[in-house]
Structure formats: structure tokens, C-alpha cells
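The structure under discussion appears below in the form of C-alpha cells.
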Amino acid sequence: MSKTDELNAMRHSLAHILATSVQKLYPGAKFGVGPVVENGFYYDLDLGKKKLSEEDFTTLEKEMHKVIAVNDKFEKFELPINDAIDWAKKTHQVYKQELLNDLKRAGTTVAGDLDAAELGLEAIKGSKVSKVSFYKNGEFTDLCRGPHLESTGKVGAFKLMRVSGAYWRGNHKNAQMQRIYGIAFTTDKELRQHLNMLDEAKKRDHRKLGQELDLFVFSEMVGSGLPMFTPRGTVIRDELAKFSNELRQKVGFQNVWIPHITKSDLYEASGHWAKFGDELFLVKSQETTDELVMKPMNCPHHTRIYASKQRSYRDLPIRYLETTTVYRDEKSGELGGLSRVRSITQDDSHVFCREDQIEGEINNLLAAADELYETIGMKLKVRLSYRDESDAYLGDKKLWESAQKQLKNAVLKNKLNYFEQEGEAAFYGPKIDFMATDAIGREHQVATIQLDFVQPSRFELEYTNEAGENQCPVMIHCALLGSIERFLSVYIEHTAGKFPVWLAPEQIRLITINQEYITTSFADKVLSNAKELGLRAVVDNSNESVGKKIRDAEIMKVPYSVVFGEKEIKSGEIVPRIRSDIEVSDTHQPTKIAEFLQTVANESKSRVSKTSL
RNA sequence: GCCGUCAUAGCUCAGUGGUAGAGCACUUCCAUGGUAAGGAAGGGGUCCCGAGUUCAAAUCUCGGUGACGGCUCCA
């Protein structure tokens, strides 16, 4: 058995042991499904009136350890489907009964249409279903696809993590069950490592850091999912957007500006009304009878700018760029921190080009994305999402094929780490999705580049080709950061709030050793020199001990702190205190103040993450 | 939207049917300081909002708002 197979069997076994223990502690428990998931397993339960809480975990874990200690063999046996249904009826396992009935109804070949994982019956996927498998350990028997370990004693380290609500078969019209989720690893060490990672993730939680580092706030008066950014947070937002824009401006993108509301007619034309309908914020005009909405996306507006003039093939590509906010009325339960908000700022851009220009444009955008994430210090993985053979896609098939080839060429040319996936394309065109890996190994979907064969024709966009005929351009949607809010949530956690100099809201803190005029006025002078160089510096001349002021600067994760006292004033030289994560040169020694400021200004401008100090 | 948990000072949190608390932060004073917390005094609360139960509600009940963990959806 391979290591992953064994881990898989172990997690399955633990789900089974969990069920065994629940059965013992709460007779009459009804079981749903108990699959293996990333890092662990869960089991969906219905205990009738009894609601489990995390306080019950100690008892439950104790019971599980008892089951493990007994080391009963997992005995696998198979039953014909009808007998299995009888078993479910007899044991009042209504959920299992439903699954088995579905299985039976699905006919002799199973699982293709039914979600096999959900059914817990992957073992028989694609095969003739005449029998289903059971596992028995001691007194407890459960329908399960397996595989299981040999016996209960063979499992590794586990921990129950949380309990939450989950609908039976994921459908909110069905009964709500309780899902007990646990993690499991082969060794204690791995379990501890994983718990440490979770702990680290908790420490880095962008909601916590956002508060501590004074980056953004929410107000009950403003509403749910509507973050506001403080001066510090706004620096980071603006610097990120500026960088993202520069990367595209240098390949011909031009800034445009659009209003944030529009008549709903725009989305009726684009076809978004039907799709976005209930996510749109409606705006009521008191002066006109217009039906207005907050924009949930920017592309339709941008098509109007394109369409405002006659376009020649010579004009293409036309490239619009805009960092702007869209508004989506997300379901309240789905909001959270900056990851899901209702005011979403996108570093959005749209290219209108000829079919033969796709590759060149994609190439530019990929290079931009690559440079952005290189600078940010996150590893990128690229997914090429193609169409499959179904007819769920709009637009000319030949155009699709040519475009998909051009996408791939551009990816190859940029030497990006990529994989291809059929059937993942949007209905309106193929796309490239970017996954970034953060400092603690989590993957996040960030940017996308999407081709669009549908909107240009919906909006009747045209250009005149060499032959004097009207042609429809192709549209390319691209946001390098994606949503700035979501990107920030990822990035804050990636850096744990230790932003590189170019993004740090406060780059230098000037700490006075006392409050005498000679000291504070010197610090003020250095401050104004720093400002002249475009640096973000702050003087701390508060009536506190030097130790305290250093500590305050450390807590705020300021990259450079400089203490000013008699020594510095006399010599004009300083030894800056450098945040511990920043790489320094070997020759780190006293520097002239002007030199220090110039060095930091250069670092900021060139967006490097180490220092030559 | 649904299920569950929660909401007390700027922050982190204790408390509980009968006078509202701590630490940090803030203000003032003393100390004039040398690289992660110097000392003292003081100010600060509609205990999320609304209704109900009660002699009495921050505490119990219901409704709303907001946060968190999930389900579903998504950038």
C-alpha cells in the first residue's frame, strides 16, 4: 500500500471509529456520510434533539481511544443491495437507506451521475452494482466504501477539530445534520506540525492583523462586508494598484474612468442581468424613472467606451485599465473579513483585439503577472482552462481552438509552471487562472486572464478590417491582483504583516531619546528630508522610554527604526534598527543619515525586499 | 439565505436577576531616558439595538443588526 493510500485508509478508519463511538455514546444516532477530506475526515450525523458541541469532543475522543485500544479487526463484507436496504431499515439508518435506494435506482451501473464521494461508495464506481460493502468492528457495522486499515489499533494521530452544520447531501432543503470534522496523520509529529501551521495561520489572520496594524475597519453603521481603509491600509492598497497598473501601462494600457452606477439596461444587453440578478444592488432615482443599479462588473461600461467611436483594425488592440470598485450583494452568511466583501475593488483591464493578436496580448499580461508575483514573493501556478466537447460553450469552435493554442504558446513563452484542464473554461471563452502559494503553503486563486467571445457580439462591437468589412473584436479580461480586498487578505497572511519597504505604510520610525528641543528638532529635520525623498516616515517624540518606543515600532512592524540622541546629532551617523525578516548586507555599519534615507528611497522605488544597509 | 456560537471601555477579555471590572491604550504629573513595556494619579461604558417578562434586566425571552465557524456560491 502506498503512503497516500495508507493515509486514506487510516482516515476512513477514523471516520468509522468516530461513528462507532457516536453510536455507543448516543444510541439512535443516524449517520449520513463520512468521507476523507484534505488533512482528515468528517462524519455527518443526526442525533435528533441532541446537539453536539466542541465541549463534547473530550468525551468523544476518549471513547474513540477506547475503540482504538480494543484493536478490533475491521471485517469487510458485502451484501446484495436489497439486503443492504433491509439492513438500513432495520437499523433505522434513514440516510443510508436513502443512499442505497438511490444506488439501486441508478441501475446496475452506478455512480457516474451520482456523486460517488457523497455516496461513500467509490469502490464500486463504474462497476456493476449488485453488492455494497460494509465494515464491521466489534459490535458496530457501517456501510462504507473503505478502504480501512486492518484493525482499529492501527490508526495514527488524530484530533477532532470542530462541529458545524451541514445539509444532508449539500441541499439546503434537506435536513440539517451535524458535521464532526477531524484531522489525522500517520504520526504525532505530523499532527503537531499541522496544528502548528493552523496556529500560525491564526496568528497571521488578516482580520486580526488588520486591527492590530491599523489597516482597515468595519462599521455596523456602514454595513456588513463593506470595509473601510485607514491611512495605513490605503497606502498598501494604492501601492499595489499602482504597481499592477504600471506593469500594464508600459505595454500600452490606458486608464479610463467609469461611474459606479448604471441603468439596468446595460446588463440586460450584456446578459448579466439574468445571471447576476439577485446579486445586484438596486439604486432608486428620485428624479427620474430610470432603473439604476450599482455596477457588479466593469466590462460592459468599457465596451461603451470602445463603441463610442468607429474603430479600424489599425487601432487594435485597444487596452483599457481601471482600478475601480464593483458592488455585489453577496449572501450575508458568505461574507468574511476582506476575503468576501460587498464592495470589491478590481485592478481590472480589458483588451479589445483581433483574433491574431490574442497571443501577443496574453503574452504581455502573463509577463506582467509573472513580474508582479515575483516581486510580491509568491510562487505562481497557472491553470489553462479549456472547453470540452460539450455544447455548453458559446462562440465559434474554430476561434476557441485557435485561442486555446495561443494561450498555451504565451504560457510556454513565459516559462510558467502550468497545467491544463478541459471543461474548466467559462462559457464565453477559455481562461488562465493563477494560483499563488503563500508562506505557510496554502494555495489561493488570485488573478485570471479570460478570453471573451460573447460580450463583443452581444454589444455589437465592431472594427473595420483591411477589406473594409465589419468584424467583431475579441475581448480579454484581466485583473492581476484580482480583487484588491481579497488579495490583501491573502497577502497580509502571506507576509504576517511584515510588508516590504515599498508597501510598508510606515517605512521609517524616527525615535527621539528624550523630549529636549535639540533632539526633537533634529528628528523633525530628518523627517522632512525623508519626506522630500517620498519616504513614509514618522517621528515618535512621545514621553516614553526608548525601550518602549522601540517596542511600539516593532509591534507595528516598521521596517526601519532610528534612535536619535546626542551621539547621532553630533556625528550625523546612525545605525538603523532593521526589522528581523529583512536581509542585510555583511557590511552593516553606521551610515550617514542622508545616505541611509537615499538607500531606503531606492529600495522603495525598486521594490526590493532586502537591503544593502 | 440556512444551521450553530458570540456581542461588556479604543483593544483583549473577566463578571452576572439587585452599586459595572482588569490589563493594555488614552490624559496629566514625576523621572530626561540608548534599542521589545520607568513610576504615579486620572478620565472613560445606552454592558450592540428594540420590545417583552420582572419590584428590579447588562444578565431571562423574542425580534433586529453585526462578527465568527460551517453548508451553498464565488473574485
Side-chain angles (χ1 to χ4, degrees), chain A residues 42 44 51-55 161-181 202 205 207-208 211-212 214 217-226 275-276 278-279 296-298 325-326 328-348 431 433-434 444-448 450 477 479-487 489-490 509 511-520 541-557 560-568 574-580:
Chain A
Y42 69 78
D44 284 348
K51 292 276 174 270
L52 282 172
S53 76
E54 284 172 25
E55 280 144 38
M161 296 301 285
R162 65 176 90 90
V163 55
S164 65
Y167 294 106
W168 170 234
R169 310 186 77 172
N171 186 333
H172 72 274
K173 284 176 193 144
N174 290 340
Q176 176 117 22
M177 307 184 74
Q178 283 198 293
R179 174 166 300 175
I180 298 190
Y181 171 76
K202 213 171 171 185
D205 189 321
R207 292 168 298 203
K208 183 169 164 279
Q211 159 88 265
E212 288 170 4
D214 187 23
V217 295
F218 288 91
S219 158
E220 215 168 300
M221 250 187 242
V222 171
S224 184
L226 299 169
K275 185 170 177 272
F276 269 98
D278 57 350
E279 271 189 39
M297 71 235 324
N298 310 308
T325 307
V326 297
R328 296 182 192 172
D329 200 0
E330 302 283 352
K331 309 237 182 306
S332 59
E334 288 161 3
L335 301 169
L338 292 183
S339 321
R340 277 301 276 287
V341 292
R342 298 198 290 181
S343 56
I344 307 155
T345 309
Q346 300 173 319
D347 57 332
D348 208 0
K431 58 177 182 171
D433 291 311
F434 296 80
H444 307 269
Q445 152 97 52
V446 280
T448 60
Q450 306 195 357
H477 309 255
L480 296 180
L481 298 166
S483 134
I484 294 197
E485 290 79 12
R486 170 178 282 189
F487 179 82
S489 76
V490 170
R509 184 164 296 188
I511 294 170
T512 61
I513 204 160
N514 55 32
Q515 293 189 292
E516 281 167 16
Y517 178 73
I518 183 166
T519 325
T520 58
N541 59 12
S542 61
N543 189 8
E544 296 289 348
S545 66
V546 174
K548 180 65 189 304
K549 293 201 253 189
I550 289 288
R551 179 182 148 85
D552 288 344
E554 287 284 343
I555 287 171
M556 292 309 279
K557 305 188 169 147
Y560 298 106
S561 315
V562 183
V563 175
F564 288 98
E566 208 181 339
K567 212 167 66 191
E568 288 76 15
I574 54 162
V575 181
R577 186 184 166 98
I578 302 173
R579 203 178 57 205
S580 61

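In what follows, every heavy atom counts, from backbone to side chain, and hydrogens, waters and symmetry copies are set aside. Each chain gets a letter, A, B and so on, in the order the sequences are listed, and its residues count up from 1.
For B/G4, the paired nucleotide is B/C68, the pair qualifying as Watson-Crick or G-U wobble because both relevant distances are below 3.5 Å. With a 3.5 Å ceiling on both atom-pair distances, B/C47 lacks any Watson-Crick or G-U wobble partner. Nucleotide B/C74 forms no Watson-Crick or G-U wobble pair with any nucleotide shown, as no partner meets the under 3.5 Å limit on both distances. Across all strands shown, nothing is found opposite B/A9 as a Watson-Crick or G-U wobble partner with both distances under 3.5 Å. For B/C55, the paired base is B/G18 (Watson-Crick or G-U wobble, both distances below 3.5 Å). Figure legend. B/G38 is base-paired to B/C30; pairs are counted as Watson-Crick or G-U wobble with both atom distances under 3.5 Å.
At the heavy-atom level, A/Arg328 lies under 4.0 Å from base atoms of the strands shown. Using a 4.0 Å heavy-atom distance criterion, A/Val217 is classed as making no nucleic acid contact. Residue A/Glu330 is in base contact, counting any heavy-atom pair closer than 4.0 Å across all strands shown.
When the P atom is compared between B/G15 and B/G69, the two are found 23 Å apart, to the nearest whole Å. Using atom C1' as the reference point in both B/G23 and B/A37, the two lie 12 Å apart (nearest Å). Nucleotides B/G18 and B/C60 have their P atoms positioned 11 Å apart, rounded to a whole Å. Across B/U5 and B/G63, the matching P atoms stand 13 Å from one another, rounded to whole Å.
Per the geometry, NZ belonging to A/Lys331 stands 9 Å off C1' belonging to B/U72, to the nearest Å. Per the geometry, CG belonging to A/Asp44 stands 14 Å off C1' belonging to B/U72, to the nearest Å.
With distances taken from any side-chain atom of A/Arg577 to the nucleotides B/A36, B/U72, B/A67, the minimum falls on B/A36.
To the nearest 0.5 angstrom, A/Thr520 atom OG1 is 6.0 Å from A/Asn541 atom CG.
You'll find a donor-acceptor pair under 3.5 Å spanning the side chain of A/Glu334 and the base of B/U72, going by distance alone.
For A/Leu335 and A/Gly482, each mapped to the nucleotide of RNA chain B holding its nearest heavy atom, the one lying further toward the 5' end belongs to A/Leu335.
For B/U72, the OP1/OP2 oxygens have no side-chain nitrogen or oxygen of A/Arg179 closer than 4.0 Å.
Residue A/Arg340 comes nearest to A/Glu330 through the heavy atom pair NH2-OE1, 2.8 Å, listed as atom of the first residue, atom of the second, then distance.
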